[in-house]
Visitor: 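Below is a structure I'd like to ask you about.
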Number of protein chains: 2
Amino acid sequence: MKLSTKGRYGLKAMFDLAIHDGEGPIPLNSIAERQRVSEHYLEQLVAELRKSGLVKSVRGAQGGYMLAHKPAEITVGDIIRVLEGPLGPSDCVLEDGPVLCDNADHCITKIVWEKIQVGISSVIDTITLQDMLEDYKKIEN
Amino acid sequence: MKLSTKGRYGLKAMFDLAIHDGEGPIPLNSIAERQRVSEHYLEQLVAELRKSGLVKSVRGAQGGYMLAHKPAEITVGDIIRVLEGPLGPSDCVLEDGPVLCDNADHCITKIVWEKIQVGISSVIDTITLQDMLEDYKKIEN
DNA sequence: AAGAATTCCTATCATTTTACTTGGGATTAG
DNA sequence: CTAATCCCAAGTAAAATGATAGGAATTCTT
């Protein structure tokens with residue numbers, strides 16, 4: 001019941017981009033260094049974030065990545081869903097087309113999984129990068 | 001971000017035991033059959049539940065397993081924690097002794113993981129097997 | 001006492017997932 | 001031109017998952 005490094009590194013990278021929002025393209029190696037993760041590995045994660053439209057890229061020298069939207073418009077849920085796939089503690093409650101078992105109608109554990117899913121979603125869908133930035137400013141001062 | 005079959009099968013088995021609570025020892029093969037999971041695999045999960053004190057066992061013929069406490073006294077969280085290990089979306093917020101990174105004090109993503117953890121815990125720690133039994137009775141009628 | 005039912009224990013194993021690493025190609029600012 | 005940077009595709013070692021196999025220990029029933 002843990003997130004993989006994809007989700008964790010991905011959120012770190014996105015938060016890093018949020019901190020530098022408005023400064024033009026941020027090269028990946030600087031993000032990797034600050035967040036202390038493998039640059040090549042991070043590259044794969046950012047590629048997914050780019051394909052899903054959360055970040056934009058600028059190629060060539062002095063290029064890099066930047067947020068595709070304002071920090072207030074990107075939630076933690078957006079990021080995690082891209083990197084970890086459809087959310088849900090069990091296949092039968094996956095957000096993205098549940099795989100129902102044969103007695104789904106009478107399955108009591110399913111009710112539990114649904115409640116867990118709602119609990120997680122209600123957290124990650126209400127935290128934006130902007131919220132994280134504000135927490136960050138508080139701590140810095 | 002999914003539970004493994006351990007947690008899922010384990011909760012099913014515990015719910016099955018709750019349904020038959022008070023009927024004496026329930027043999028594992030009957031649980032495996034009703035819940036449609038491998039008996040041998042289930043055995044491993046139930047062994048962990050026994051060691052952690054959630055179920056009792058009676059050996060020998062006519063033996064089996066039974067809940068060690070009343071259904072109202074066992075939460076979903078108790079069961080999942082035994083089978084899935086200490087809860088938390090990231091190592092730095094594991095319930096059972098977090099593994100702190102070097103800038104834990106200034107880590108903003110950590111705040112997010114903590115909120116997710118609280119969200120999950122508040123769900124699974126408030127649902128008991130008794131609650132599930134009541135849902136079950138409603139559906140049956 | 002025999003035999004059947006059942007838990008208990010240890011080991012093995014195939015598959016999948018994770019978390020990278022490697023190596024190179026394409027693009028562009030200076 | 002060249003250095004910086006993104007882009008892409010494979011490969012890979014380790015861990016986790018989800019079992020399977022076989023048998024020893026215990027206890028009920030007859």
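Naming: A, B, ... by sequence-line order, numbering from 1 per chain.
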Visitor: To the side chain of B:Asn29, which of C:dT6, C:dC20, D:dC6 is closest?
Guide: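 Selected nucleotide: C:dT6.
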Visitor: Between A:Lys138 and A:Glu134 (salt bridge meaning N to carboxylate O under 4.0 Å), is one present in this structure?
Guide: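 No, no charged N to carboxylate O under 4.0 Å.
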Visitor: For B:Glu84 and B:Ser4, test the side chains for any donor-to-acceptor distance below 3.5 angstrom and give the result as yes or no.
Guide: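 Judged by distance alone, the side chains do pair up.
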Visitor: Does any N or O donor sit under 3.5 Å from an N or O acceptor when you compare the side chain of B:Gln44 with the base of D:dT17?
Guide: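 When only heavy-atom distances are counted, B:Gln44 does not reach the base of D:dT17 through any donor-acceptor pair under 3.5 Å.
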Visitor: With hydrogens left out and only the distance checked, is there a donor-acceptor pair under 3.5 Å joining B:Glu43's side chain and the base of C:dC8?
Guide: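 Indeed, a donor on one side and an acceptor on the other fall under 3.5 Å apart.
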Visitor: Donor-acceptor pair under 3.5 Å: do we get one between B:Glu39's side chain and the base of C:dT6?
Guide: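 By the distance-only test, no, there is no pair.
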Visitor: Would you call A:Asp131 and B:Lys115 a salt bridge, taking side-chain N to carboxylate O under 4.0 Å as the test?
Guide: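 Judged by the 4.0 Å cut-off on N to carboxylate O distance, A:Asp131 and B:Lys115 do not form a salt bridge.
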Visitor: Identify which nucleotide among D:dG22, C:dT6, D:dT17 has an atom closest to any side-chain atom of B:Pro27, counting heavy atoms from C-beta outward.
Guide: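 Closest nucleotide to the B:Pro27 side chain: C:dT6.
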Visitor: To the nearest Å, how far apart are B:Lys2 NZ and C:dT18 C1'?
Guide: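 These atoms are roughly 14 Å apart.
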Visitor: Rounded to whole Å, how long is the line connecting atom NZ of A:Lys51 with atom P of D:dC6?
Guide: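 Rounding to the nearest Å, NZ of A:Lys51 and P of D:dC6 are 15 Å apart.
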Visitor: Can you check the B:Leu17 CG to C:dT7 C1' distance for me, whole Å?
Guide: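 Answer to the nearest Å: 14 Å.
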Visitor: How close or far is atom C1' of D:dA16 from atom CZ of B:Arg8, stated in whole angstroms?
Guide: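 Going from CZ in B:Arg8 over to C1' in D:dA16 covers 14 Å.
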Visitor: Would you say D:dC7 has OP1 or OP2 under 4.0 Å from some side-chain N or O of A:Tyr65?
Guide: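 Answer yes for this pair, as a side-chain N or O of A:Tyr65 is under 4.0 Å from OP1 or OP2.
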Visitor: Is the number of heavy atoms from other residues, nucleotides or ligands within 6.0 Å of CD (B:Glu33) greater than 12?
Guide: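 Open.
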Visitor: With respect to the phosphate group of D:dG18, does any side-chain polar atom (N or O) of B:Ser38 fall under 4.0 Å of OP1 or OP2?
Guide: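 It does not, given that no N or O in the side chain of B:Ser38 lies less than 4.0 Å from OP1 or OP2 of D:dG18.
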Visitor: Nearest to the A:Ser57 side chain among C:dC20, D:dT17, D:dC6, which nucleotide is it?
Guide: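 Minimum distance to the A:Ser57 side chain belongs to D:dC6.
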Visitor: When you get a sec, tell me which of C:dC9, D:dT26, D:dG18 is the closest nucleotide to the side chain of B:Arg59?
Guide: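 Ranking C:dC9, D:dT26, D:dG18 by closest atom to the B:Arg59 side chain puts D:dT26 first.
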Visitor: Is B:Thr5 close enough to D:dG18 that one of its side-chain N or O atoms is under 4.0 Å from OP1 or OP2 there?
Guide: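 Checking D:dG18 against B:Thr5, a side-chain N or O does come within under 4.0 Å of OP1 or OP2.
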Visitor: In whole Å, I'd like the distance from the CD1 atom of B:Ile31 to the C1' atom of C:dT7.
Guide: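 Rounding to the nearest Å, CD1 of B:Ile31 and C1' of C:dT7 are 12 Å apart.
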Visitor: Contact class for B:Val46 (heavy atom, under 4.0 Å): base, sugar-phosphate, or nothing?
Guide: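 B:Val46: no heavy atom of the nucleic acid under 4.0 Å.
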Visitor: Just N and O in the side chain of B:Arg50: are any of them under 4.0 Å from OP1 or OP2 of C:dT7?
Guide: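 For C:dT7, neither OP1 nor OP2 has a side-chain N or O of B:Arg50 closer than 4.0 Å.
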Visitor: Please compare B:Ile26 and A:Gln62 by the position of their nearest nucleotide in DNA chain C and report the one closer to 5'.
Guide: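 Mapping each residue to its closest nucleotide by heavy atoms, the 5'-most match is B:Ile26.
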Visitor: Give the rounded distance in Å between these two atoms: CG of A:Leu49 and P of D:dC6.
Guide: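 One finds 14 Å between P of D:dC6 and CG of A:Leu49, rounded.
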Visitor: Does D:dT12 have OP1 or OP2 under 4.0 Å away from a side-chain N or O of A:Tyr41?
Guide: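 Checking A:Tyr41 against D:dT12: no side-chain N or O falls below 4.0 Å of OP1 or OP2.
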Visitor: Answer with yes or no whether the side chains of B:Ser38 and B:Tyr9 bring together a donor and an acceptor at under 3.5 Å.
Guide: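 Looking only at side-chain atoms, B:Ser38 and B:Tyr9 do not form any donor-acceptor pair under 3.5 Å.
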Visitor: Given D:dT20, C:dT28, C:dT7, identify the nucleotide with an atom nearest to the side chain of A:Ala61.
Guide: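 So the side chain of A:Ala61 is nearest to C:dT28.
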Visitor: How many whole angstroms separate atom NZ of B:Lys56 from atom P of C:dT6?
Guide: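 To the nearest whole Å, that distance equals 19 Å.
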Visitor: Using the side-chain heavy atoms of B:Ser4, tell me which of these nucleotides is nearest: C:dT7, C:dC20, D:dT17.
Guide: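 Output: D:dT17.
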Visitor: Give the intermediate values and the outcome of side chain to side chain donor-acceptor pair (under 3.5 Å) for residues A:Asn29 and A:Glu39.
Guide: CA-CA 6 Å; A:Asn29 59 21; A:Glu39 182 183 344; 4.8 Å; no
Visitor: Using a 4.0 Å heavy-atom cut-off across all strands, classify A:Leu3 as base, sugar-phosphate, or nothing.
Guide: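 The answer is nothing, as A:Leu3 stays clear of every strand by at least 4.0 Å.
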Visitor: Starting from P on C:dC20, measure out to NZ on A:Lys6 and report it in whole angstrom.
Guide: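 The distance from NZ of A:Lys6 to P of C:dC20 comes to 12 Å, rounded to the nearest Å.
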